[in-house]
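Single-structure report; data block below.
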Amino acid sequence: MTSSSTPKTLVQTLLKTPQSLKTKSQAKELHAQFLKTQPHSPSSTSILISIYTNFNLLHDSLFLFNSLSSPPLLAWKSVTKCFANSGLFLNSVTYFVQMRGLGIYPDHKMLPFVLKACAFIKNLRLGESIHGCIIRLGLDFDLFTGNALLNMYAKFQNLEVNGGHKVFTFNMLDGMPKGNELCGRLAQKKGKNVFQLDSVRKVFDMMPKRDVVSWNTVIAGNAQNGMYEEALTMVREMGNANMKPDSFTLSSVLPIFAEYVDVMKGKEIHGYAIRHRFDSDWYIGSSLIDMYANCSRIEDSCRVFNLLPQRDDISWNSIIAGCVQNGMFDKGLNLFHQMLIAKVKPRDVSFSSIMPACAYLTTLHLGKQLHGYIIRGGFDDNVFVASSLVDMYAKCGNIKAARWIFDQMEYHDMVSWTAIIMGHALHGHAHDALFLFKQMEMDGVKPNYVSFIAVFTACSHAGLTDEAWGHFNCMTQNHGITPGLEHYAAMADLLGRAGKLEEAYEFISSMHIAPTGSIWSTLLSACRVHKNLELAEKVAKKLFEVDPENVGAYVLMSNIYAAAQRWKDAAKMRISLKKKGIRKEPACTWIEVKNRVHTFISGDKSHPLYERIYKALKDLLEQMEREGYIPDTSEVSHDVEEEQKKYLLFSHSERLALAFGIISTPTGTTIRITKNIRVCVDCHTAIKFMSKISQREIIVRDNSRFHHFKDGKCSCKDYW
DNA sequence: GTAGGGTTAG
């Protein structure tokens, strides 16, 4: 304020042109001068309030507001807006309701943010009564107010459809709200979403003028509600109305093609975005990454990510989630690390996206590190994060930690229930799993497709065929879930393990969808365990019909023939495998020691400590034999001398990993190892002996479950 | 006044 005029006239000038104030300190200086020079009229005080609220200075504006005995509209409008801009939506609508209670009418500039606040606090009834007020005041023809109404009804529509019971009501006619009443009772009318949809449409149709925001709002509302065709139709109509899709439109459309897994259409949108220079837009960038990732085109996601001129936390999270969902766990972890280096702070979403990588790779040390981060950041009460932690601990062999986290959770959704049920199932705790399933139903949480896979897995590892049938029928009849491949596979596995091979064969043959190679191979491996060569040949025939390239099947058949001493047939299988030029992924086992992963394959001599490992194994073998261990060479699929067979067993990858674990960790430490295929019968016996001799708890994760070995016994009770 | 990413299985 360096003008030559007197402070008093200067203050008066500034109050008339508040937009000339550029900084917060200028606003405060004006306030100081005002106090010295002006009489405190409500209208000039209101102007000062509005100046403060333009800078979002909530406390200063409230201080002035409270000094007024009967604040005029401008004062109400300013603080209401300031509350909304500060995210305090409940305060915002409370002030609005108070103002209305005093008989003061809002203007067209006030209504949009009150409606927005109303959408945020999910108060449908209040929104409707404000709509009534808008109509009475004749403000429904205002473009901005109309757009805000569209947005509000679209948001309510989402709530009704997705949650079913999340919309809060408050009836203004009931009088003034007390305390939290504005966010109070639940509306549970069925079919309300249709009504909301009508409301969006009605407002839209009634609008005398619509701009691109109006179109985008309705399109986004439809898209977020799963009404994809309606959204796409509106995009076309928008063109007919001479309205050009902008970056907002595209970011509603891209997730639709991601959901449809329609990469061609997605690419068309990408092209449009490039031509209109939207491709460097952050929102479009992450939608594109997500779309390509959903269409299994993760390389294209990476390309988009790399070309982004700038990246925000969401672009990082999108690419990380994309990698993890496409099985690129190392790349996902690497990107997570790069994100930290780029000083982008991870958020709840970052953790729930990256955690499955730790779960899959069994990297408990990483999972624990992330868990520490989660606790320090206060993300542990997020249901997504907590569920991913439950899953990670269970998959890394620590079911106790998984259960502890689950029990600590304030509320459980279907996914968290399913994660803990699956956790117990994989650890062979069938009864815990089934009990939890019952509890989940009693809690009123409806099981979905995946929950039933978890239930069948639980039954499978405990041989509970009757329970499984019960749940299978309940799933189809009471829950209306059509059995999918995973359910059939789990049931076939269950029947096969239980030795009900013929029943399994009938079951697979009567499936209402065509059985895949992997379902037949489930039964084939059961035939191997139960040594049923005749059925195995029948199953193999079916299998090769649908999946002639199935590597596992050739190996399985070869092993089945070998076990029956039919070496020629076994060799034939190996030869066909070679002819086809397909190679089986080698069996391997890995173990984490001192935050490093060590991988072993059968007969592996590449480890720097291999001499000590072999010596330890030899010592162990001697003690095992003294305790009564007899090697079971019946499953060695090579036609070699008995001594050679014993050596092959002796150097199986899980034993090497185990011996390495024993020599490189302190006495008494629990050893956790992970195997990419099922642990063999002889190794299972051997590990039981090893757990007793070394006095260690040994937890083995193979490709289908966990085995907890302790004192010479295994948690699977030899049923797996 | 309009917009984006996540957890269970495979």
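The sequence lines fix the lettering, A, B, ..., with proteins before strands; numbering per chain opens at 1.
- In this structure, of B:dT7, B:dG6, B:dA3, it is B:dT7 that holds the atom nearest to the side chain of A:V415.
- Classified by interplanar angle (parallel below 30°, tilted 30° to 60°, perpendicular above 60°), the ring pair A:F156/A:Y153 is perpendicular.
- A:N703 and A:N676 are not linked by any side-chain donor-acceptor pair at a separation below 3.5 angstrom, with hydrogens and angles left out of the test.
- Using a 4.0 Å cut-off between a side-chain N of Lys or Arg and a carboxylate O of Asp or Glu, A:K202 and A:D205 do not qualify as a salt bridge.
- Rounded to an integer number of Å, the gap from A:N448 CG to B:dG10 P is 13 Å.
- In this structure A:H479 satisfies the ring-ring contact (aromatic ring centres under 6.0 Å, His included) test together with A:F452, sequence neighbours excluded.
- Contact annotation for A:S416: no contact, since no heavy-atom pair falls under 4.0 Å across all strands.
- No N or O donor and acceptor, one from the side chain of A:S287 and one from the base of B:dG4, sit under 3.5 Å apart.
- For A:L254 and B:dT2, the CG to P distance is 20 Å, given to the nearest whole Å.
- Side-chain contact, A:T217 with A:N151: no donor N or O sits under 3.5 Å from an acceptor N or O.
- Spacing between atom OH of A:Y360 and atom P of B:dT7 amounts to 16 Å, rounded to whole angstrom units.
- A donor-acceptor contact under 3.5 angstrom links the side-chain atoms of A:S286 to the base of B:dG4.
- Each of B:dA3, B:dG6, B:dT8 was ranked by its minimum atom distance to the side chain of A:N382; first place goes to B:dG6.
- B:dT2 atom C1' lies 13 Å from atom CE of A:M234, rounded to whole Å.
- Residues in residues 405-423 of chain A take part in these salt bridge (Lys or Arg N to Asp or Glu O under 4.0 Å) pairs, two or more places apart or across chains: A:R403-A:D407.
- A ring-centre distance under 6.0 Å is found for A:H487 and A:Y449.
- Of the listed nucleotides (B:dA9, B:dG4, B:dT7), B:dG4 has the atom at the smallest distance from the side chain of A:I314.
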*Show your working on side chain to side chain donor-acceptor pair (under 3.5 Å) between A:S388 and A:D391 and close with a plain yes or no.*
CA-CA 5 Å; A:S388 72; A:D391 179 60; over 6 Å; no
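- Residue A:P255 is out of contact with every strand shown, counting any heavy-atom pair closer than 4.0 Å.
- Phosphate contact (OP1/OP2 of B:dG10, side-chain N/O of A:Q325, threshold under 4.0 Å): absent.
- Contacts of residues 203-218 of chain A with DNA chain B (heavy atom under 4.0 Å): A:D211, A:V213, A:N216, A:T217.
- Among the heavy atoms of the strands, none lies under 4.0 Å from A:V390.
- In this structure, A:L111 CG and A:K77 NZ are separated by 10.0 Å, a value rounded to the nearest 0.5 Å.
- Using a 4.0 Å heavy-atom cutoff across all strands shown, A:A148 reaches no nucleic acid atom at all.
- If you measure from atom CD1 of A:I354 to atom C1' of B:dG6, you get 12 Å, rounded to the nearest angstrom.
- A salt bridge is absent between A:K345 and A:D313: the closest approach of a Lys/Arg side-chain nitrogen to an acidic carboxylate oxygen does not fall below 4.0 angstrom.
- Between the CE atom of A:M355 and the P atom of B:dT7 there is a distance of 12 Å, given to the nearest Å.
- We find that NE2 of A:H276 is positioned 18 Å from C1' of B:dA3, with the value rounded to whole Å.
- Looking at residues two or more places apart in sequence or on another chain, you find a ring-ring contact (aromatic ring centres under 6.0 Å, His included) between A:F89 and A:F120.
- Distance from the side chain of A:D281 is smallest for B:dA3 among the nucleotides B:dT2, B:dT7, B:dA3.
- Listed in residue order, the members of residues 417-427 of chain A having a heavy atom less than 4.0 Å from DNA chain B are A:T418, A:M422.
- Counted by atom type alone, A:S50 and A:S78 present zero donor-acceptor pairs between their side chains at under 3.5 Å.
- Here A:M206 contributes atom CE and A:D140 contributes atom CG; the two are 6.5 Å apart, rounded to the nearest 0.5 Å.
- The stretch residues 392-414 of chain A touches DNA chain B through A:K395, A:D413, each having a heavy atom within less than 4.0 Å of the strand.
- Counting to the nearest Å, the P atom of B:dA9 and the NE2 atom of A:H487 are 13 Å from each other.
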